[in-house]
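Beneath this line is the structure, given in structure tokens, with notes to follow.
Along the sequence shown, residues are numbered consecutively beginning with 1.
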Amino acid sequence: SAASDVYKRQHFFNDGVDAVKIGGRLDIPVITTVHGHDITKHENAQTGQSGNRQFFQRVDRVIAVSEFIAEQALAKGCPEHKLLQHYIGIDLDKFTQPKQESAQPSLLFVGRLVEKKGCTYLLQAMERLKKRFPELHLTVVGSGDLGPALQREASQRGLNVSFAGTASPAEIRDQLARCWLFVAPSITAQSGDAEGLGMVFLEAQALQTPVVSFRSGGLVEAVEDGVTALLSEEKDVAGLADNIASLLENSELRHNMGLAGRKRVAAHFDLRTQCAKLESIYDKLL
């Protein structure tokens, strides 16, 4: 956008604190985007409520990536007239692999191995399912501080789990196209950190893979419960296991949810459409 030469954009709240100083000196509008941990974590209220309000008074526009994040921004003092909710998109041209499920039932987890991503609850659900689905395999893609503990937990529970470490975007797309279900049971961490939206949930749907997760943060906006995903309450391991089982046992339901997922992403999260809307937001500030 031509507007990029005459305004200052910042894509995380904490960076925006510095950006308003620069914007003030250059006398240009400042836009900040709030994504997730930058507004939800308790520790990110660095200057307290009064400091937050002062920042929000100085910035020209605040863009929230989900309604959930918009509510968080309002709670931290953002004036409603400055706040705008806008969904991020994904490039659908990169998600064209045909859906081809693996021969044996398979689950895929992709995410940082940290508290918020809830991988331990997936392992607990796997233990409930292993007698019913003895061939069920889980692949965990990602790294993080909880990696060693999660590997020990999987071993102690006697689970069929592969910890694959980090992977390239192309490798993740291939995994998403082959797995039966994408399962990422995110929770609200003790720090307050929660999913702002969850791009990988969009990616799974784009490749016609049903999602199983918890009702947490903004991910409930990334998917449609009962249509493209099955959701249970946070930390409800029994509900998580039941939802996984119901989809593993019903290939028609998986197929229909997969098709609905692709349609949902195309309708609401196409990168080109969303970027055009974002440029329009920027241009209106000029």
Okay, side chain of [X], backbone of [Y]: is any donor-acceptor separation there less than 3.5 Å?
X: Asp225; Y: Leu231; value: yes
X: Lys99; Y: Gly258; value: no
X: Ser155; Y: Gln151; value: no
X: Asp91; Y: Leu271; value: no
X: Lys130; Y: Arg157; value: yes
X: Lys82; Y: Val59; value: yes
X: Trp180; Y: Leu248; value: no

Side-chain heavy atoms of [X] within contact of [Y], under 4.5 Å:
X: Gln124; Y: Thr120; result: yes
X: Glu115; Y: Gln190; result: yes
X: Ile88; Y: Phe269; result: no
X: Leu240; Y: Val183; result: yes
X: Lys94; Y: Glu203; result: no
X: Ile172; Y: Gln175; result: no
X: Arg272; Y: Leu92; result: no
X: Leu108; Y: Leu181; result: no

How far apart are the closest heavy atoms of [X] and [Y], and which atoms are they?
X: Ser106; Y: Arg178; value: OG-O, 3.9 Å
X: Tyr87; Y: Ser66; value: CE2-CA, 4.0 Å
X: Phe56; Y: Pro79; value: CB-CD, 3.6 Å

Residue list, side chain to side chain contact (heavy atoms under 4.5 Å, CB included) with Lys263, at least two apart or on another chain: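 None.
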Please report, to 0.1 Å, the donor-acceptor pairs under 3.5 Å made by any side chain of residues 133-143, with sequence neighbours excluded.
residue : atom : partner : partner atom : Å
His137  : NE2  : Ser162  : OG           : 2.8

Residue from Ser186, Ser213, Ser216 passing side-chain hydrogen bond (donor to acceptor under 3.5 Å, both in side chains) with Glu195: Ser186
Shared ILVMFWY cluster between [X] and [Y], side chains joined below 4.5 angstrom?
X: Val110; Y: Leu107; answer: no
X: Val114; Y: Ile187; answer: no
X: Leu146; Y: Phe109; answer: yes

Nearest-0.5 Å distance, OG1 of residue Thr228 to CZ of residue Arg262: 13.5 Å
Reported CD1-to-CD distance for the pair Ile69 and Glu221, which is rounded to 0.5 angstrom: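 So the CD1 of Ile69 and the CD of Glu221 are separated by 9.0 Å.
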Test of understanding: with salt bridge (Lys or Arg N to Asp or Glu O under 4.0 Å), list the residues that count as partners of [X], not counting sequence neighbours.
X: Arg128; value: none
X: Glu171; value: none
X: Glu101; value: Arg254

Basic-acidic side-chain contact under 4.0 Å: Lys41, Asp193: no
Note: Arg112-Asp145 ion pair, threshold 4.0 Å (strictly below):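 No, this pair does not count.
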Lys/Arg cation over aromatic Phe95: Arg173, 6.0 Å, 45° cone: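 Relative to the ring axis of Phe95, which defines the angle, Arg173 lies inside both limits.
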Pairing residues for Phe68 by the ring-ring contact (aromatic ring centres under 6.0 Å, His included) criterion, not counting sequence neighbours: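 Here no residue qualifies.
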